[in-house]
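Lettering of chains follows the sequences in order, A, B, ..., and the numbering in each one begins at 1.
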There are 2 protein chains.
Amino acid sequence: MIYSSELIKGTLKTIVLKLLADNKKMYGYEITQKVKELTFDKIQITEGALYPTLHALEADGLVTTETEFIGKRVRKYYSLSPSGKNKTKEKVSELADFMDTMKFLLDIKPKQA
Amino acid sequence: MIYSSELIKGTLKTIVLKLLADNKKMYGYEITQKVKELTFDKIQITEGALYPTLHALEADGLVTTETEFIGKRVRKYYSLSPSGKNKTKEKVSELADFMDTMKFLLDIKPKQA
DNA sequence: TCAAATACATAAATTTCTTATGTATCTTTG
DNA sequence: CAAAGATACATAAGAAATTTATGTATTTGA
């Protein structure tokens, strides 16, 4: 089962930041694979969604990049900047809080009028 | 604190369906107030987001409507159809599952390379 | 050798929400 | 009792984020 894509909306940036916080540096394709692996294929990040997100994080100064050559192929590594580390904490705790609120909302028992 | 709007994206439909499942019938404005109340103002659904969503649910046959007059003012009640009830179960359990996956993802401990 | 995987990127179209606007009624308060 | 705020619906332009499609090129495995 793969989650309907609407669920992923709005969480992608947080997921990427958190992975970078846990892994020091990662490149785009690696991120897609890691998420796939860690979620047992339930979350699949497409490249069309990921790359623009990474570019936006870079434009916002939340990540820095370094390019490496593996044979003839380019690999672009992303790492959190100091402000990126702070942002990650904010985003992760906001999402955790949000999920608690949602669990509460979804568990509300019938009030049969 | 109000959640950044991107977090709400993708969950609105599920929230509405779940509220209808718990309350038999509700009207639009009531839904906005109920969500605000149940989440202590942390989730505020705007009318510009809600009404199109309700109309979409109706177009998909997931809810039925009945109009009532309160004095001279119209009130449009929404109720789950049988397929809406099934859809609600699916959506809620998918979201619950998704949140478990996200909690796992967000709690991953550093693997320092 | 040929398909699949690796690895980047962009861009048009779509979806979904925000922000703004519009209409109208009802209630509360100075 | 007038005015402000709350109730109640609705739509539409614009913005934001993603999907889907496409493109390029290299490397690996059957």
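The side-chain heavy atoms of B:Glu90 and B:Lys87, taken from C-beta on, include a pair separated by under 4.5 Å. A heavy-atom distance below 4.5 Å is not found between the side chains of A:Leu54 and A:Thr65. For the pair B:Phe98 and A:Thr11, the minimum side-chain heavy-atom distance is below 4.5 Å. In this structure, A:Leu62 and A:Ser83 have side chains that are in contact, with non-hydrogen atoms separated by less than 4.5 Å. Using a 4.5 Å cut-off on side-chain heavy atoms (C-beta onward), A:Met26 and A:Val16 make no contact.
Looking at residues 58-72 of chain B, you'll see that no heavy atom sits under 4.0 Å from any atom of DNA chain D.
At a threshold of 4.0 angstrom between heavy atoms, the contacts of A:Gly48 include nucleobase atoms, whether or not backbone atoms are also involved. Residue-level contact check: A:Glu47 touches the bases, meaning some heavy atom is under 4.0 Å from a base atom. The residue B:Ser5 sits close only to the backbone: its heavy atoms come under 4.0 Å of sugar-phosphate atoms, none of a base. Residue B:Arg73 is in base contact, counting any heavy-atom pair closer than 4.0 Å across all strands shown.
Of all nucleotides in DNA chain D, those with any atom nearer than 4.0 Å to a heavy atom of chain A start and finish, going 5' to 3', at D:dT18 to D:dT27.
If you check the side chains of A:Gln44 and A:Thr32, you find no donor sitting under 3.5 Å from an acceptor. Using modelled atom types, one finds no donor on one side chain facing an acceptor on the other under 3.5 Å when comparing A:Thr39 with A:Tyr3. Between the side chains of A:Glu58 and A:Thr64, no donor-acceptor pair is found at a separation under 3.5 Å.
Atom CD1 of B:Ile8 and atom C1' of C:dT19 are 16 Å apart (whole Å). Between the C1' atom of C:dC26 and the CZ atom of B:Arg75 lies a distance of 11 Å, rounded to the nearest Å. Atoms CD1 (B:Ile2) and C1' (C:dC17) sit 16 Å apart, rounded to a whole Å. To the nearest angstrom, C1' of C:dT6 lies 17 Å from NZ of A:Lys34. In this structure, A:Glu6 atom CD and C:dT14 atom C1' are separated by 14 Å, rounded to whole Å. In this structure, the OH atom of B:Tyr29 is 14 Å from the C1' atom of C:dA24, given to the nearest Å. C:dT15 atom C1' lies 18 Å from atom NE2 of B:His55, rounded to whole Å. The nearest whole Å value for the distance from the NZ atom in A:Lys76 to the C1' atom in C:dT10 is 13 Å.
Out of C:dT10, C:dT6, C:dC17, the shortest distance to the side chain of B:Lys9 is found at C:dC17.
Of the possible polar contacts, one joining the B:Asn23 side chain to the B:Leu19 backbone as a donor-acceptor pair under 3.5 Å is found.
Taking the nucleotide of DNA chain D with the nearest heavy atom to each of B:Pro52 and B:Gln33, the more 5' of the two is matched to B:Gln33.
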